[in-house]
Amino acid sequence: MLNQLLLAEPSPGWINPDNTPHNIIATYGGWVHMYAVFITTGMILAVFASYVRLKTKNVPVEPLIWAVFIIIPFSLFGASFFGKYNEDPSQPLIGYDGGAPFWSLFAFWKAGMSIHGGVLFGVVVGIIVFAFVARKSRVSMWVYIDCIVPNILLGQVLGRWGNFFNHELLGDPVSYESLKWLPAFIRDNCFQWVGDHPELVPGGGTIQWRAPIFLYESFWNFILWVILTFVVPNFGKVLGPKPWKKDPQKYPFDFKYSVRHFFNRKIEEPDKLTWKEVWDKAFYYNNPTQKQLEQIKSKKFKETSSPTINRLKNWWVNDAKELTRLNNPEGYWITRSGVQAGLYFFGWNLIRFVLETQRENGADLFVMNNRPLDYAMLWMIAIFGLLMAAYAQWFAPIKLRKNGHLYEKEYVDYTNLANWKLEYYLQHQINYNQISQQQELETLIKTKVMTYLGYENKSFEEYFSLTDFKVFSHQNHITSFTFKIMTHNQPSNIFTDEISCEVVVA
């Protein structure tokens, strides 16, 4: 009996904006607007996820913090502009009495918002902001957009539930029986408002039920976020060549140990490597030596009288193909920076296109009341995203890579000691159990530094001095040591700056 009552179709007679099934209303207490709550929460979640992604990649997060105060306002303005500019095609928005004044298009606190407008405005402003940031931080702009743009989906996932409380973004008419697979609080609220009453079936006295497009979009946006965040970065690693298959002794990967270590970081087995440790060793910290970089030959080209044309020719002829090859000598299938952001535009607009075909109301479209143009715009943005991903994966690594910059990995510039990854190198290159004296370790470090640079036949003292050397031990075993390397200040020395290291012995 109770089950029959729960599945009974609600009657339209008692339903109004302040009294709905399961109390799903747009505003609670006269001031808590659920659409604003979900949109705001979604923005916070997107920013937090971006913060985590940047921290994981060891990218400075300060630019994100202050960029939020620039990007979010522009996103709101863009969402408002696109949501209002053609809301009523029978009434021009600008230019005659009764038409909405131009600046009212940016009134984001009023009804009529377009997620596409918000994303497009936000991304354009974000690209400009992080292009300037990249020049100072030496972190590629593509790294920033990969860490930020896909997380917009999390904001969209929550934002669509704000539409649900407003009874918006519903699809084609459906029967009540076809919605019975849904939880009751969703099923009984899949109707649109007509004034202060639910939309009714033409010629009938029952509620016109509609497909929960908001739910489909929320679900598929979340699936797309999972794919972009976890699948795309590891796609080539799973399907392509594996380090442990090329050299099992150098890369002793163990899947079971990797899973155990993921859930309990205290588990350590020195003779085994986790998934992350294998790829760190095989790719992310497998950098060419300074000697190898010096051997990259510059190609000659026919110069013109124009310095600008000469710079373009030099860039085209002396590309980064060899540099990229040296940073991935084993040819592993690596997802390049920028691919995730490009696939975001492709996947999101593909989802929108499929769902737009199910929206009966033209006012719910991205390009309102113009279905052909709406479909064309969605496909144009989707194709742009696919081309952007292809460009980032195959063209950019050949033409747009420089030493000293962070892309999918850091392309190390050895001439500045601050860029060295020496601690990781020394942790994995020295057998500390066979060392008993500090002087022996000090000599070995100098030798390893020159090997690190590819300068095995040169003297450490020719370029550097080793100072502030301290060794810490426990029960006659070295546990850690610290030191500083300083460069000799002389014209022939290509190296600059200094580096302080603290090496913890595993």
Side-chain angles (χ1 to χ4, degrees), residues 39-76 118-119 121-159 222 224-226 228-230 232-234 262 265 276 279-280 283-285 287 334-345 392 396 400-413 416-424 497 499-502:
I39 286 292
T40 302
T41 306
M43 286 182 178
I44 293 172
L45 181 60
V47 171
F48 176 75
S50 302
Y51 176 88
V52 172
R53 288 287 308 278
L54 291 170
K55 290 290 285 185
T56 302
K57 282 183 166 287
N58 294 318
V59 176
V61 296
E62 291 80 6
L64 171 68
I65 295 172
W66 58 259
V68 163
F69 295 99
I70 300 175
I71 296 172
I72 288 182
F74 275 96
S75 296
L76 292 173
V119 170
F121 266 54
V123 167
V124 170
V125 173
I127 288 174
I128 295 172
V129 169
F130 286 107
F132 283 101
V133 171
R135 301 184 73 173
K136 183 178 180 180
S137 65
R138 309 199 100 187
V139 176
S140 171
M141 177 189 70
W142 296 103
V143 174
Y144 280 109
I145 65 174
D146 266 353
C147 289
I148 296 171
V149 168
N151 296 317
I152 297 172
L153 288 165
L154 294 176
Q156 295 169 237
V157 167
L158 287 181
F222 179 73
L224 180 59
W225 176 80
V226 171
L228 294 178
T229 304
F230 301 105
V232 171
N234 297 297
F262 179 82
R265 297 307 171 94
K276 182 180 183 302
W279 286 105
D280 281 348
F283 176 72
Y284 294 102
Y285 290 109
N287 299 306
I334 300 298
T335 300
R336 303 294 182 176
S337 58
V339 171
Q340 290 166 276
L343 291 181
Y344 160 80
F345 287 105
L400 301 174
R401 291 293 183 266
K402 293 180 181 179
N403 279 328
H405 289 72
L406 177 66
Y407 303 96
E408 56 279 352
K409 67 177 286 186
E410 184 169 0
Y411 284 47
V412 179
D413 176 13
N416 189 326
L417 272 62
N419 296 325
W420 287 13
K421 305 298 179 185
L422 192 58
E423 293 172 347
Y424 178 89
D497 211 344
I499 182 173
S500 296
C501 292
E502 179 180 3

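Treat the numbers as computed from the prediction; the structure is a model and nothing was measured.
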Within the structure provided, determine whether [X] and [Y] are in side-chain contact (heavy-atom separation under 4.5 Å).
X    : Y    : result
L224 : Q156 : no
F132 : K136 : no
I127 : M141 : yes
N151 : W225 : yes
W420 : D497 : no
F48  : L154 : no
Y144 : P60  : yes

Under 6.0 Å between the ring centres of W142 and F130? no
Y411 and Y407 aromatic ring geometry - parallel, tilted or perpendicular at 30°/60° bounds: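 Correct class here is perpendicular.
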To the nearest 0.5 angstrom, please state how far the [atom1] atom of [X] sits from the [atom2] atom of [Y].
X    : Y    : atom1 : atom2 : answer
H405 : S137 : NE2   : OG    : 8.0 Å
D413 : K402 : CG    : NZ    : 12.0 Å
S75  : I70  : OG    : CD1   : 11.5 Å
L45  : L153 : CG    : CG    : 11.0 Å
L406 : N58  : CG    : CG    : 8.5 Å

Closest approach of [X] and [Y], non-hydrogen atoms and distance?
X    : Y    : value
L64  : V47  : CD2-O, 4.0 Å
G155 : A46  : N-CB, 4.4 Å
A134 : S140 : CB-C, 4.2 Å
E423 : C501 : OE2-CA, 3.3 Å
L417 : I499 : O-CD1, 3.5 Å
Y344 : I152 : OH-CG2, 3.5 Å

Is atom OH of Y424 surrounded by more than 12 heavy atoms (other residues, nucleotides or ligands) closer than 6.0 Å?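 More than 12 within 6.0 Å, yes.
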Passing candidate, side chain to side chain donor-acceptor pair (under 3.5 Å) with N287, options E410, K409, K421: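 Single pass found, and it is K409.
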Derivation and outcome, side chain to side chain contact (heavy atoms under 4.5 Å, CB included), residues V68 and Y51: CA-CA 11 Å; V68 163; Y51 176 88; over 6 Å; no
Without hydrogens or angle criteria, can the side chains of D146 and S337 be said to hold a donor-acceptor pair below 3.5 Å? no
